[in-house]
Amino acid sequence: MKFNFITKHNFKSKYCPKTNVVSIVLLIPLCLLIPMGILFTLFLIHPGSIKSTALNSTISPISLKSLRPNYSLSANNNSTQSPLNTGLQIVNQSSSIQPNQNFNVSIKTTSPNSQSEIFDFYLYNKLNSRSAYYSSLNQPYNLIESSGAITATASDLNFQIDLNAGFSSQNTPNNIYFHLSCRSCLGVYPLKIAQLNPVTRQINSYVITHICVLPATAIAKLNLNIVIPMLFPAGNNVPVASQYFNVSEIQNLSQDLTVLEHYKSLAVNIDLSPEGYLLLKNQTSQSYSQLKKLLQSVLKIPNRLLLSETFAPIDSPQLLTAGLGGDICKQITDGLNVLDNISTNVQSVFSPSENLSEASLSELSKCGISDIILNNKNLTSVSLPFGISEPFNITNSSVIGLEKDTQLTKDMLVSSNPIQQANNIIGDLAQLYYDFPNSTSNRVLNLDLPNNTQINPQFLTALLNGLQNNSVLGTTSATEAATYPVGVLYNPTNRSILNPPISNLTTTTITQAKAIQSGLAQIDQNQISFLPTLTDMSVSEAIDVLESDNITQDQQQQWLSAIQKLVNNLRDQITLPSQQTITITSNTANIPITVLKNDSYNTYLVKIVLKDNGLSFKSGSSRLISISKQQNTLYFSISPRSPGSSVLSVTVESPSGNLILLQQNYTIHSSAFSFLGLLLTAAAGLLIIWWWVKYALNKRRLKGGITAK
């Protein structure tokens, strides 16, 4: 057997070129030059030209509102991830002002600094619908102006805001000046008050309220029928009053009654549980006695009505089914007997919390009930803007119906601060005064304050103070509300009881409709869009109908389809050029994106968004453009990442991106190579050839060297 042995020195001579220090030093830059040459060939494209078809045009100016230099961009961010708004609270504010008056607001912070606080005030454009108002409670849009950073002492957080200041006016620590045209100053304006970080000037916390600019006089006021539950419904079979009424409730009710006693000129309806009053009546302690005296004093005021109430909560349809219809009238009669002992102002107006049917309603009318306040979930749907109420005839009954406005309660509960709760209702009512149909119609809204919420005396004071001496808002009693001319707004006004009531409807359609509304409001700055299938009804009013508790899912889809037609109509007005190939021969190029408009009247503000993984956008991939003429063009600066083809997606959407109008794809072809890249690649190749030639020479020189032993 024969073995061949290879020594270490022999192995290096046979399989590898002989290396030295110079070779190693030259090999390192060689290894770097090869990939550098390839990279330069791919990326360093020489300045050249762009070839495209029918895309070149002039750049249309972007329409944006002028802002003060110290305006913070974070104020106009409509992201749902907002800063916590619990760090600020409004402790007092003007419920409404006239055009020549200043708005006053006092705030407090839960984490005050020892010396000063920094705030920024953001005033937004006046609202045009009730749905826009509801959205503005959480995040308004369409910013008019920002005050910039205002430094105020922690002990003096009282601010005065002038909406009609001259442009030369300068803000001071407690005086803020905004510049509105008097021709447009009437309306409801969202106001965001933000507390800023003293170092970064970012928003730490904020609070949102509304400035209601109202006329000095009104042709017809919008009246509010308030139903206040003074005693929580009993109905829990608690036999001992001390177990039912705790000390804090008694104190709170006494303060509420004191407030009602102070505002004697306002009409207020009180809903008192007869069962709860009987439990209270037999108590002899001083606090209970004082409460009973206050209650009797308040009910002696002429415009304080005590509504009819059953002695205990009942289910009238179930009683009728069981053949116990007579118990309905007995409960009504027993309740009236109890209430008659404390007031002569008991009215035959019933505000039930239980379900009703036409048969049970007929039984109620036999018991002397002539007017009834119903939740809208008990009523069949009508094409009526949600929240604008009037008396109506209930089918197969002689009872006149009034509809509760549950949206007012929703607005109230947006905030936990009682001052904001009251002003949210005032702002909603003021917006409704300007809403469709108009301020010349006799209208009344019904607000049932929630039974499960203890009425805060601060809330009640702020609410009644805002309604007192208000130029466009007033109060009415339930009996007066029922005498308003039936059929003022719509004819006929017959409505049917819905049995069983509809509940648990999906909110998806409402969310979609509000996204369309928000997008159209940003795109169409003139707000001229109307539903194509409904005469003189805007998107906001259609959403009000969608938010009704008594609308079915099929009806929601029908309304949503009608709203969607607005988007389709707008899409028919604007187009993007057809799909084409854009050839690029440079390392940087300006590509034009053109939006064509058929409508020659309106101006639309949209955002153009570009997406392409094969391109980098030097000046950003999105731009705002005001479409005001037939051909509107924007130029985007791009850099291809590599030669070859890629797909450029162009989207036309609303400024906030929540409504997409158009989407078109274009092919981008990059074909140029860099001379510098080619030169580096050639140099790298020559270096490789030289290195291997040197290797071959070394191999020949070593050919007669040491052989294996």
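Closest non-hydrogen pair, S645 versus T667, comes out as CB-CG2, 4.4 Å. Among all heavy-atom pairs drawn from A132 and L127, the shortest one is O-CD2, 4.0 Å. L88 and T109 get closest at one heavy-atom pair: CD2-CB, 3.9 Å. The two residues P173 and F159 have their closest heavy-atom pair at O-CE2, 3.3 Å. Taking each heavy atom of S146 and D120 in turn, the nearest pair found is OG-OD1, 3.0 Å. R201 and L196 get closest at one heavy-atom pair: O-CD2, 3.9 Å.
Using bins of under 30°, 30° to 60° and over 60° for the plane-to-plane angle, the ring pair Y133/H210 lands in the tilted bin.
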Using side chain to side chain contact (heavy atoms under 4.5 Å, CB included), reason through L163 and C185 one step at a time and then give a plain yes or no.
CA-CA 8 Å; L163 296 182; C185 54; over 6 Å; no

Does F178 form a ring-ring contact (aromatic ring centres under 6.0 Å, His included) with Y189? I'd like the steps, not just the answer.
CA-CA 12 Å; F178 291 118; Y189 295 82; 9.8 Å; no

Can you check side chain to side chain contact (heavy atoms under 4.5 Å, CB included) on I161 and L123, steps first, answer last?
CA-CA 10 Å; I161 299 176; L123 183 68; over 6 Å; no

Show the numbers, then the answer: is there a side chain to side chain contact (heavy atoms under 4.5 Å, CB included) between Y434 and L222?
CA-CA 10 Å; Y434 291 107; L222 176 61; over 6 Å; no

Decide side chain to side chain contact (heavy atoms under 4.5 Å, CB included) for I107 and F119; before the verdict, give the C-alpha distance in whole Å, the side-chain angles of both, and the deciding distance to 0.1 Å.
CA-CA 11 Å; I107 60 177; F119 299 96; 3.7 Å; yes

Test side chain to side chain donor-acceptor pair (under 3.5 Å) on Q663 and S649; report intermediate values, then the result.
CA-CA 7 Å; Q663 197 275 330; S649 173; 2.6 Å; yes

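Between the side chain of N164 and the backbone N or O of N100, no donor-acceptor pair lies under 3.5 Å. Checked by atom type and distance alone, the side chain of S654 pairs as donor or acceptor with a backbone atom of L659 at under 3.5 Å. The backbone N or O of H179 sits less than 3.5 Å from a side-chain atom of E145, completing a donor-acceptor pair. Of the possible polar contacts, none joining the D411 side chain to the N424 backbone as a donor-acceptor pair under 3.5 Å is found. Distance alone, capped at 3.5 Å, places no donor-acceptor pair between the N104 side chain and the Q93 backbone. Of the possible polar contacts, one joining the Y666 side chain to the P577 backbone as a donor-acceptor pair under 3.5 Å is found. No side-chain donor-acceptor contact under 3.5 Å links S94 to the backbone of F103. Side-chain atoms of S471 come within 3.5 Å of backbone atoms of P215 as a donor-acceptor pair (strictly under, hydrogens ignored).
Among the candidates L661, L605, V652, I627, the single residue satisfying the side-chain contact (heavy atoms from CB on, under 4.5 Å) test with I523 is L661.
Environment of CG in N613: sparse, with no more than 12 heavy atoms of neighbouring residues, nucleotides or ligands closer than 6.0 Å. Atom NZ of K611 has 12 or fewer neighbouring heavy atoms from other residues, nucleotides or ligands inside a 6.0 Å radius.
In this structure, F121 and N171 have side chains that are not in contact, with every pair of non-hydrogen atoms separated by 4.5 Å or more. When side chains are defined from C-beta on, T151 counts as touching I118, because their heavy atoms get closer than 4.5 Å. I574 has its side chain within reach of K597: a pair of non-hydrogen atoms, C-beta onward, lies under 4.5 Å apart. I638 places a side-chain heavy atom less than 4.5 Å from the side chain of I584. With contacts defined as side-chain heavy-atom distances shorter than 4.5 Å, the pair T209/Q420 does not qualify. Within the 4.5 Å cutoff, no side-chain heavy atoms of I208 are placed close to those of S136. Under the 4.5 Å side-chain criterion, counting only non-hydrogen atoms from C-beta, L648 is in contact with I591. Proximity of V595 to V606: side-chain heavy atoms (C-beta onward) are nowhere separated by under 4.5 Å.
Distance check, rounded to the nearest 0.5 Å: CG of D572 to NZ of K565 gives 12.5 Å. R623 contributes atom CZ, which lies 8.5 Å from atom CD1 of I625 (distance to the nearest 0.5 angstrom). In this structure, T575 OG1 and L596 CG are separated by 4.0 Å, a value rounded to the nearest 0.5 Å. Between the CG atom of L566 and the CD atom of Q517 there is a distance of 11.0 Å, given to the nearest 0.5 Å. Atom CD1 in I582 sits 12.5 Å away from atom NE2 in H669 (nearest 0.5 Å). Once rounded to the nearest 0.5 Å, the distance linking OG of S646 with CG of N665 reads 11.0 Å.
Donor-acceptor pairing under 3.5 Å is lacking for the side chains of S95 and N423. Judged by distance alone, the side chains of Q522 and S656 do bring a donor and an acceptor atom under 3.5 Å apart. Side-chain N/O atoms of N569 and Q573 include no donor and acceptor closer than 3.5 Å. Using modelled atom types and a 3.5 Å distance limit, the side chains of S639 and T588 yield no donor-acceptor pair.
Between Y122 and Y206, the ring centre distance reaches or exceeds 6.0 Å.
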